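The block underneath contains the structure these notes are about, expressed in structure tokens.
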Amino acid sequence: MRIEGKVALITGASEGIGAACAAEFARAGARLSLTARSEEGLRRAGGAESLITPGDLTDESVRRSAVERTLERFGAIDILLNCAGTGLYIHSWAAPDEEVRRLMELNFFALLGMIQLVVPHMRARKSGMIVNVGSIGGKVTLPWMTVYSASKFAVGSLTEGLRMELRRDGVHTLLVAPGYVKTGFQQHATGRPPDGVLRSRRFAITPEECAADIRRAVERDARTAVTPRAAWLLVVAARLFPRLLESRMAGINGTA
């Protein structure tokens, strides 16, 4: 997809990967509609030309407002980029029910809600792209955040199913699976990651590098973007050597 002139609606755009995508897509010539909880963060990320809709995406009225205001301002939504998400560093068997539900509401149900609002418009125009930011944890389960991984596996399955559902409608879907990205994700997540995970931060990429990979994947109509590409090695290892990888991951988690 050629991004110049296209309208991109980006969730979670006040910081991290979402804010980096706002900057990256603006440089590529997109017209931006941004939504997240922080109005101040949205203003920093979008500048004067962007439409901003502050609010909690787990609220259906906020999702509807973001979509309706985008269509009123720009007349179209060409790209829906779902970046909003949160983490949970607690063992699944000990995770409080309210924390699990809060995570699933944002990571999956709010994302699905945005898609359900945007897809009818894209189908009517016979064009569009839905970009769902999952995680490498949605391809290889991370035992220090099992519930988070479960939410991202759900996002991956949803993205693949949508691709088949919308095949005849001219609407494309892209799944993004970032590895460790240097954002405030850990500070916003509930709980604390194991020391072994914290030490792996030296291999992290920046949000700007992640956003550039997403932009390139959109431009080439990719199905999946794993960033950095080296993270594919983890996916391959999980397929070829599952017992060995599980043992190593459990060791990092301190449960081996």
Side-chain angles (χ1 to χ4, degrees), residues 1 3-87 102-103 105-107 109-115 117-118 121-122 128-135 174 176 178 181-190 204-219 227:
M1 173 183 282
I3 294 174
E4 186 176 3
K6 295 296 192 296
V7 177
L9 171 53
I10 305 176
T11 73
S14 61
E15 60 180 311
I17 294 173
C21 282
E24 184 71 24
F25 279 66
R27 282 191 293 271
R31 294 176 289 168
L32 302 181
S33 174
L34 310 178
T35 182
R37 286 181 298 177
S38 171
E39 181 173 355
E40 181 182 352
L42 288 174
R43 294 193 185 282
R44 285 197 305 268
E49 299 298 320
S50 300
L51 174 67
I52 66 168
T53 306
D56 184 345
L57 280 175
T58 63
D59 184 337
E60 193 273 340
S61 66
V62 173
R63 298 194 297 268
R64 188 170 297 277
S65 177
V67 172
E68 290 177 350
R69 295 181 74 237
T70 304
L71 292 175
E72 288 170 4
R73 166 76 75 87
F74 300 112
I77 298 173
D78 299 295
I79 304 166
L80 171 62
L81 213 171
N82 283 309
C83 295
T86 189
R102 183 178 69 88
L103 178 142
E105 283 291 340
L106 181 58
N107 289 9
F109 289 109
L111 176 144
L112 176 59
M114 290 296 295
I115 291 168
L117 289 169
V118 170
H121 166 74
M122 290 183 171
M129 178 175 286
I130 297 166
V131 183
N132 292 330
V133 177
S135 169
L174 165 63
V176 181
V181 184
K182 297 175 183 176
T183 69
F185 177 85
Q186 290 184 348
Q187 286 70 44
H188 297 314
T190 301
I205 61 173
T206 66
E208 291 73 24
E209 290 171 321
C210 183
D213 283 343
I214 293 172
R215 188 259 305 160
R216 286 189 287 266
V218 168
E219 289 175 335
T227 176

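The structure displayed is predicted, hence computed values, not measured ones. Index from 1, following the sequence.
Rounded to the nearest 0.5 angstrom, Ile130 CD1 and Ile115 CD1 are separated by 5.0 Å. Here the CZ atom belonging to Arg31 is positioned 11.0 Å from the CD atom belonging to Glu4, to the nearest 0.5 angstrom. Taking NZ of Lys6 as the start and CD1 of Ile77 as the end, the distance is 14.5 Å to the nearest 0.5 Å. In this structure, the separation between CZ on Arg216 and OG1 on Thr227 is 8.0 Å, given to the nearest 0.5 Å. Of the inter-residue distances, the one linking Leu81 atom CG with Met114 atom CE reads 10.5 Å to the nearest 0.5 angstrom. Atom CG of Leu42 and atom OG1 of Thr53 lie 8.0 Å apart (nearest 0.5 Å).
With contacts defined as side-chain heavy-atom distances shorter than 4.5 Å, the pair Thr183/Glu15 does not qualify. You'll find the side chain of Ile10 reaches within 4.5 Å of the side chain of Leu32, heavy atoms only.
A donor-acceptor pair under 3.5 Å links the side-chain atoms of Arg63 to the main chain of Leu57, judged by distance alone.
Electrostatic pairing of Glu72 and Arg69 does not count as a salt bridge here, judged by no charged N lying under 4.0 Å from a carboxylate O.
Heavy atoms only, all atoms of each residue included: Gly87 and Leu103 are closest at C-CD1, 3.8 Å. Considering all non-hydrogen atoms of both residues, Leu34 and Ala45 come closest at CD1-C, 4.2 Å. Here the closest heavy-atom approach between residue Gly134 and residue Pro178 is recorded as O-CD, 3.5 Å. In terms of heavy atoms, Arg73 sits closest to Glu49 at NH1-O, 3.8 Å. When all heavy atoms of Glu208 and Ala20 are compared, the pair lying nearest together is N-CB, 4.0 Å. Contact detail for Ile17 and Cys210: the closest heavy-atom pair is CD1-SG, 3.9 Å.
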- Message: Quick one, Val176 with Leu174, criterion side chain to side chain contact (heavy atoms under 4.5 Å, CB included). Give me CA distance, side-chain angles, the key distance, then yes/no.
- Response: CA-CA 6 Å; Val176 181; Leu174 165 63; 4.1 Å; yes
- Task: Start with the C-alpha gap between Leu9 and Val67, add the side-chain angles, then the distance that decides, and say whether side chain to side chain contact (heavy atoms under 4.5 Å, CB included) holds.
- Result: CA-CA 8 Å; Leu9 171 53; Val67 172; 4.1 Å; yes
- Message: Apply side chain to side chain contact (heavy atoms under 4.5 Å, CB included) to residues Glu24 and Ile214 and explain how you reach the verdict.
- Response: CA-CA 9 Å; Glu24 184 71 24; Ile214 293 172; over 6 Å; no
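Shown are Thr190, Asn107, Thr58; of these, the side-chain hydrogen bond (donor to acceptor under 3.5 Å, both in side chains) with Arg102 is made only by Thr190.
Side-chain N/O atoms of Thr70 and Ser33 include a donor and acceptor closer than 3.5 Å.
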